[in-house]
Amino acid sequence: MRDQAEQNAEQNGAGTRPSRRALLAATAGTGAALALGGEAHPSDRGDSDARLGRIIARMTLEEKVGQLFVMRVYGHSATAPDQADIDANLAEIGVRTAAELVARYRVGGIIYFSWAHNTRDPHQIADLSNGIQRASLALPRGLPVLISTDQEHGIVARVGRPATLLPGAMALGANGSRTDALTAGRIGGAELRALGIRQDYAPVADVNVNPANPVIGVRSFGADPKAVAGLVAAQVRGYQRASVAATAKHFPGHGDTAVDSHYGFPVIEHTREQWSTVDAPPFRAAIRVGIDSIMTAHIMVPALDDSGDPATLSHPILTGILREQLGYDGVVVTDSLGMQGVREKYGDDRVPVLALKAGVDQLLNPPSIDIAWNAVLTAVRQGELTEARLDTSLLRILRLKNRLGLLDRPYVTHAGVDRAVGVRGHLLAADRIAERTTTLLVNEGKVLPLSRVTHKRVLVVGADPASPSGTTGPPTTVLANALTELGFTATALSTGTAPSAAVIARAVAAAGEADAVVVGTYNLSGASSQRTLVTQLLATGRPVVCVAVRNPYDVAQLPAVQAYLATYSWTDVELRAAARVIAGQVRPRGRLPVPVLRADDPTLVLYPIGHGLSY
């Protein structure tokens with residue numbers, strides 16, 4: 001359920017699939033010390049559980065079923081959305097508004113999306129959250145709604161400017177600072193909480209050992225399981241110190257796939273030992289620090305369950321491993337039930353029932369809430385699911401709502417928004433963190449930093465992918481403006497992700513009038529015409545600085561490049577930091593959190609984890 005820009009932001013254009021064996025060998029050993037097993041999730045007990053038990057005992061079966069669902073809804077207002085959003089709600093959900101959704105299905109959660117027009121501006125978001133809470137609490141036995149969103153930062157964010165947009169996971173991995181990861185989580189969490197959003201589907205705990213991964217990539221902290229585990233744990237602490245539920249995703253690990261589970265059914269061929277040393281450590285670390293929720297993956301892992309079912313529907317994985325072996329007793333939420341990976345084998349009426357039987361608590365965003373809700377209700381009435389099984393999940397969900405303060409303090413205020421969202425201290429912290437993430441991979445002949453005296457005129461060309469939610473964009477313009485503010489005379493010329501011969505010729509001609517050229521690359525493959533653009537710009541004799549605005553793997557496709565930076569995303573905060581590095585205002589400090597393999601022989605490492613230059 002994403003708009004085209006968000007779909008583009010999760011499509012990796014990498015070419016030849018690298019050797020999985022080479023990557024696993026390069027990264028698995030670092031996590032070997034973190035073996036299978038873990039500590040139990042710390043949960044409130046005693047008097048609190050007795051109170052929650054009394055709430056559950058008063059609920060009708062229909063209300064219990066509704067509390068298990070987290071649903072999308074269109075509109076900026078709980079009661080008075082725009083007509084186009086009313087029409088979309090009627091077509092997809094059968095209700096007009098968020099208030100009607102809550103009243104009809106008694107849903108326990110609602111997820112916000114920018115494309116659903118839930119997140120226009122901070123005060124509007126707070127008003128929407130309050131409207132949803134009022135609608136739910138006005139019902140008989142009404143309970144507060146757990147409002148959630150995907151605010152990973154980096155390339156996936158649903159709440160944009162003027163909220164603070166922080167570096168994403170792989171950028172933080174390049175920084176390597178657990179303190180910065182915690183700070184980013186705390187700032188992001190404080191702003192979400194002020195908006196009435198109490199559950200964030202972050203951080204990504206997947207270990208990205210496959211450069212061709214089309215859905216995770218820079219959303220991961222990196223390829224070293226131990227490093228990823230430390231950063232995941234730090235960010236969990238940050239979010240939860242802000243009283244926002246963090247969500248480690250996507251269990252049991254989505255880091256080694258060439259298939260996007262939004263559109264297909266990935267199969268992870270790791271052995272159980274590889275899973276234990278590569279994929280499991282970040283989830284174990286999250287559980288150890290008290291993670292509030294864990295999201296499932298719509299992937300098949302035959303070594304963990306050979307039934308052919310996705311992990312979301314797998315009792316051996318969710319109950320046998322996550323609950324029993326890892327000792328996790330917090331909330332388990334599915335990834336979106338509208339994704340193809342979970343719909344490949346079963347119909348939309350069976351998926352929610354099988355997910356609950358597997359051990360899930362929250363059912364996220366089914367294609368049809370009516371089909372899914374009635375399927376669960378029927379399963380209980382016919383004895384396939386027991387009401388006691390629902391009560392088990394309800395207790396976990398209510399414990400979480402209680403721990404977040406929702407049962408006693410469900411509302412937010414505009415004053416609280418103004419004190420927390422996009423405030424100067426948060427924005428400055430985001431800039432300083434971003435400066436510590438920019439990674440200098442190549443600097444032949446000390447091309448960088450550029451001098452404002454000898455390289456006054458700078459041409460900025462390159463790919464301009466759809467801007468991540470809430471940033472200004474396009475990337476070439478952001479870079480050119482930032483360089484101009486730093487004393488250069490910079491001009492932007494967008495050449496796109498697949499520049500034609502005519503576009504390349506125009507860029508080469510423009511380079512003749514410049515003292516230096518900055519080129520933004522995006523997901524280079526061996527056949528990409530972006531390579532031709534860079535080659536012809538190098539032939540002009542002008543200094544050429546390449547900036548990978550998404551995947552750091554791009555550098556392998558350009559062996560003749562003179563200077564190469566990696567930013568790990570094309571959000572404003574990362575691009576402005578890169579401009580400061582190019583200008584020499586700050587020194588590059590990032591280090592690769594993933595290995596870059598050679599394009600001509602992907603069994604060999606071109607740049608190892610930890611590579612990074614400075615001046």
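These numbers come from the heavy atoms of this one structure, side chains and all, not from hydrogens, waters or symmetry mates.
- Contact check for L322 versus I317: no side-chain heavy atoms found under the 4.5 Å cut-off.
- Here the straight-line distance linking atom OG1 of T97 with atom CZ of R104 works out to 10.0 Å at 0.5 Å rounding.
- There is a side-chain donor-acceptor pair under 3.5 Å between D361 and S393.
- Side-chain polar atoms of Y522 and R550 form a donor-acceptor pair below 3.5 angstrom.
- One side chain, D309 or Y346, offers a donor N or O that lies under 3.5 Å from an acceptor on the other.
- Residues K357 and H315 are not in side-chain contact: their nearest non-hydrogen atoms beyond the backbone lie 4.5 Å or more apart.
- Qualifying salt bridge (charged side-chain N to carboxylate O under 4.0 Å, His left out) partners for R96, counting only residues two or more places apart in sequence or in other chains: E100.
- L52 places a side-chain heavy atom less than 4.5 Å from the side chain of L407.
- The two residues A103 and L139 make their nearest non-hydrogen contact at CA-CD1, 3.8 Å.
- For H270 and D256, the side-chain atoms include at least one donor-acceptor pair closer than 3.5 Å.
- The residues E62 and R141 are annotated as not salt-bridged, no charged nitrogen and carboxylate oxygen being separated by less than 4.0 angstrom.
- Checked by atom type, the side-chain pair N89/D85 shows no donor-acceptor distance below 3.5 Å.
- Here CD1 of I93 is found 9.5 Å from OG of S368. Values are rounded to the nearest 0.5 Å.
- No side-chain N or O of Q340 forms a donor-acceptor pair with one of S261 less than 3.5 Å apart.
- In this structure, H254 and H250 have perpendicular ring planes: the angle between them is above 60°, well past the 30° mark.
- Side-chain contact between S314 and L304: absent, with no pair of heavy atoms (C-beta onward) separated by less than 4.5 Å.
- A salt bridge between K64 and D391 is present, with a side-chain N of the basic residue lying under 4.0 Å from a carboxylate O of the acidic one.
- A donor-acceptor pair is defined here as one N or O able to donate and one able to accept, closer than 3.5 Å; such a pair exists between the side chain of R72 and the backbone of P366.
- Using a 4.0 Å cut-off between charged nitrogen and carboxylate oxygen, R399 and D49 count as a salt-bridge pair.
- For the residue pair S129 and Y411, no side-chain donor N or O sits within less than 3.5 Å of a side-chain acceptor on the partner.
- Counting heavy atoms from C-beta outward, V267 and I299 have side chains that stay 4.5 Å or more apart.
- In this structure, the separation between CD1 on I197 and OG1 on T149 is 5.5 Å, given to the nearest 0.5 Å.
- One N or O on the side chain of S336 and one on the backbone of G338 form a donor-acceptor pair closer than 3.5 Å.
- Residues I147 and I111 have side chains not in contact (no heavy-atom distance under 4.5 Å, counting atoms from C-beta outward).
- Listed by first and then second residue, the ring-ring contact (aromatic ring centres under 6.0 Å, His included) pairs that reach into residues 184-212 come to none, sequence neighbours excluded.
- In this structure, L90 and V95 have side chains that are not in contact, with every pair of non-hydrogen atoms separated by 4.5 Å or more.
- Look at R219 and E152 and you find a salt bridge, because one of the NZ, NE, NH1 or NH2 atoms lies within 4.0 Å of a carboxylate O, short of that distance.
- Looking at M170 and P593, their side chains come closer than 4.5 Å, going by heavy atoms from C-beta outward.
- Note on R389 versus E384: no salt bridge recorded, every NZ/NE/NH1/NH2 to OD/OE distance being 4.0 Å or above.
- Donor-acceptor pairing under 3.5 Å is lacking for the side chains of D292 and T247.
- Applying the ring-ring contact (aromatic ring centres under 6.0 Å, His included) definition to pairs two or more places apart or across chains, those involving residues 276-314 are F251-F283.
- We find the CZ-CG distance between F113 and N118 to be 8.5 Å, quoted to the nearest 0.5 Å.
- We find the CG-CG distance between L400 and L395 to be 11.5 Å, quoted to the nearest 0.5 Å.
- Atom OG1 of T79 is separated from atom CD1 of I132 by 10.5 Å, given to the nearest 0.5 angstrom.
- Checking S276 against R272 by side-chain atom types alone, no donor-acceptor pair falls below 3.5 Å.
- With hydrogens and angles left out, the side-chain atoms of S293 and Q199 include a donor and acceptor closer than 3.5 Å.
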